[in-house]
Amino acid sequence: MTPTDDRRPRLRALRRASLLGVVAASSAALLTGCGLQPATAFVPAVAPGSIEAIDDLPDDAAITVTAKNFTEQLILGKIAVLAAQAAGFEVTDMTNVPGSVAVRQLMLDGGADMTYEYTGTAWLTYLGEAAGIPDKQEQYEAVRNADEANGLVWLEPAPLNNTYAMAVRSEAVAELGDVATLSQIAALPVDQRTFCVEAEFNSRADGFAPMLERYGLELGAADGVPTSNVSILDTGTVYEATDRGRCNFGEVFTTDGRIDSLDLTVLEDDQGFFPAYNVAPVLTDDVLATYPQLAAVYEQISPALTDDELRTLNRRVDVEGEEPADVAFDWMVEKGFVTRP
């Protein structure tokens with residue numbers, strides 16, 4: 001071992017300690033400023049299920065799991081923590097980190113070993129590409145290949161695709177000609193082509209106007225979607241406005257729990273306009289080289305992470321007020337990945 005090699009573990013530990021301090025401080029400041037309660041690092045104790053304890057795992061085997069500070073990411077982060085614990089690891093829980101960029105930096109700088117990330121976010125935000133790729137497999141492969149140079153390994157993605165969509169209140173579907181796809185909106189009378197969208201989506205280069213254009217409609221045109229047919233609303237109010245009939249079609253995210261709680265129907269993006277945002281386990285090449293068994297641990301979970309499953313889990317937190325750790329634990333037990341000790 002060279003002197004440089006001998007220093008690497010110590011440098012990595014020092015860098016991690018520094019990053020942990022920075023993230024903890026920024027998290028505390030953000031949460032205090034927003035009046036939110038910070039998520040704790042607690043998760044219920046688990047025993048192995050279909051995720052079995054790894055044979056011959058060193059007693060000091062440890063990984064750090066990180067996740068962003070919104071509901072779906074908190075749930076996924078707790079799932080990741082529980083899975084690693086069932087496999088026999090000592091886990092440092094660094095979920096609830098404020099912002100995508102901070103999580104990305106932790107993964108790049110050695111402050112964390114594993115996270116659940118979205119293919120579209122990595123492609124557009126981290127890698128700086130100008131446009132997303134609607135084909136899920138192509139988007140995944142592009143991100144996977146690009147991130148190899150950054151020391152990150154993308155395992156196979158889950159079916160979960162948390163992307164933009166348009167939804168309609170379910171009781172209005174029949175009134176709107178049994179509309180089921182975005183293409184069918186163009187067949188409706190102009191006065192029925194009413195939309196509720198957020199300001200950001202309305203102004204994005206890959207947002208509302210280009211979406212309409214893809215589906216043969218022009219924003220602002222009398223025979224397309226007149227601007228009087230569009231309500232631009234604050235973040236978070238689009239769902240309720242759509243449910244109340246202020247508009248026929250509302251901008252949503254495909255895994256939001258309010259889709260189910262308000263009984264909204266998501267329209268199929270049949271022309272493939274929206275980029276793919278499939279979630280996948282991402283690990284550092286260092287931790288996978290040391291513990292290659294981790295790939296099998298997370299790959300058995302991914303097929304069960306679907307849009308429908310996450311809408312249900314997100315609703316339990318956002319609508320019913322449950323804790324992300326409890327929701328993640330119940331789901332892991334229900335699927336047989338872990339058992340109660």
Would you indicate whether the side-chain heavy atoms of [Y] and [X] approach each other to under 4.5 Å?
| X | Y | answer |
| --- | --- | --- |
| Pro157 | Lys136 | no |
| Pro134 | Pro275 | no |
| Val65 | Thr115 | no |
| Met114 | Leu294 | no |
| Trp154 | Glu148 | no |
| Tyr277 | Phe253 | no |
| Pro281 | Glu299 | no |
| Asp234 | Glu198 | no |

Using a 6.0 Å cut-off, check whether atom [atom1] of [X] has over 12 heavy atoms from anything other than its own residue.
| X | atom1 | value |
| --- | --- | --- |
| Gln271 | CD | yes |
| Glu90 | CD | no |
| Glu322 | CD | yes |
| Asp191 | CG | yes |
| Glu218 | CD | no |

Enter the distance from [X]:[atom1] to [Y]:[atom2] here, rounded to the nearest 0.5 Å.
| X | Y | atom1 | atom2 | answer |
| --- | --- | --- | --- | --- |
| Thr290 | Leu283 | OG1 | CG | 11.5 Å |
| Arg169 | Glu175 | CZ | CD | 6.0 Å |
| Tyr291 | Ile63 | OH | CD1 | 9.5 Å |
| Phe273 | Met166 | CZ | CE | 9.5 Å |
| Arg204 | Met211 | CZ | CE | 13.0 Å |
| Leu305 | Leu160 | CG | CG | 6.5 Å |

Exercise for review: Run the numbers on Ile75 and Lys78 for side-chain contact (heavy atoms from CB on, under 4.5 Å), then give the verdict.
Suggested key: CA-CA 5 Å; Ile75 294 170; Lys78 299 304 183 183; 6.0 Å; no

Tell me if a side-chain donor or acceptor on [X] pairs with a main-chain N or O of [Y] at a distance below 3.5 Å.
| X | Y | answer |
| --- | --- | --- |
| Thr125 | Ala122 | no |
| Asp135 | Gln137 | yes |
| Thr163 | Ala276 | no |
| Thr66 | Met94 | yes |
| Asn145 | Glu141 | yes |
| Asp263 | Ser170 | no |
| Asn229 | Arg193 | yes |
| Asp147 | Leu152 | no |
| Arg258 | Arg315 | no |
| Ser203 | Glu200 | yes |

In terms of side-chain geometry, is the basic nitrogen of [X] or [Y] positioned less than 4.0 Å from the acidic oxygen of its partner?
| X | Y | value |
| --- | --- | --- |
| Arg316 | Asp330 | yes |
| Arg244 | Glu240 | no |
| Glu309 | Lys335 | yes |
| Arg311 | Asp260 | yes |

How close do [X] and [Y] get, heavy atom to heavy atom, and via which atoms?
| X | Y | answer |
| --- | --- | --- |
| Ala86 | Ala47 | CB-O, 4.3 Å |
| Ala222 | Val190 | O-CG1, 3.7 Å |
| Thr242 | Cys247 | OG1-SG, 3.7 Å |
| Pro44 | Asp326 | CG-OD1, 4.1 Å |
| Leu82 | Val338 | O-CG1, 4.2 Å |
| Val282 | Met107 | O-CE, 3.5 Å |

Exercise for review: Evaluate side-chain contact (heavy atoms from CB on, under 4.5 Å) for Ile301 paired with Tyr116, printing each intermediate quantity in order.
Suggested key: CA-CA 12 Å; Ile301 298 173; Tyr116 277 105; 4.0 Å; yes

Taking a hydrophobic cluster as the set of Ile, Leu, Val, Met, Phe, Trp and Tyr residues connected by side-chain heavy atoms closer than 4.5 Å, whether directly or through intermediates, do [X] and [Y] fall within one such cluster?
| X | Y | result |
| --- | --- | --- |
| Val238 | Val197 | no |
| Leu313 | Val81 | yes |
| Ile51 | Leu57 | yes |
| Leu106 | Val101 | no |
| Ile259 | Leu233 | no |

Whether the [X] and [Y] side chains hold a donor-acceptor pair (N or O, under 3.5 Å, no angle test) is what I'd like checked.
| X | Y | result |
| --- | --- | --- |
| Gln192 | Asn248 | no |
| Asn162 | Thr255 | yes |
| Thr306 | Asp308 | no |
| Gln73 | Thr95 | no |
| Tyr126 | Glu117 | yes |
| Asn314 | Thr71 | no |
| Glu72 | Tyr118 | yes |

Practice item. Answer yes if the ring centres of Phe337 and Trp331 are under 6.0 angstrom apart, and no otherwise. Key: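 So the answer is yes for these two rings.
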
Exercise for review: Only pairs at least two apart or in different chains count here, so list each ring pair (Phe, Tyr, Trp, His ring centres under 6.0 Å) that has a residue in residues 193-239.
Suggested key: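 Output for this query lists Tyr164-Phe201, Phe195-Phe208, Phe195-Phe249.
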
Check your understanding: Would Arg246 and Ser231 count as a side-chain contact (heavy atoms from CB on, under 4.5 Å) if you check the C-alpha gap in whole Å, the side-chain angles of each, and the deciding distance to 0.1 Å?
Key -> CA-CA 8 Å; Arg246 178 169 176 176; Ser231 297; 3.5 Å; yes

Check your understanding: Yes or no on side-chain contact (heavy atoms from CB on, under 4.5 Å) for Gln85 and Val43, after CA distance, side-chain angles and deciding distance?
Key -> CA-CA 10 Å; Gln85 288 181 344; Val43 292; 3.5 Å; yes

Practice item. Begin with the C-alpha distance, continue with both residues' side-chain angles, and end with the deciding distance and a verdict on side chain to side chain donor-acceptor pair (under 3.5 Å) for Ser183 and Asp270. Key: CA-CA 7 Å; Ser183 292; Asp270 52 314; 2.4 Å; yes

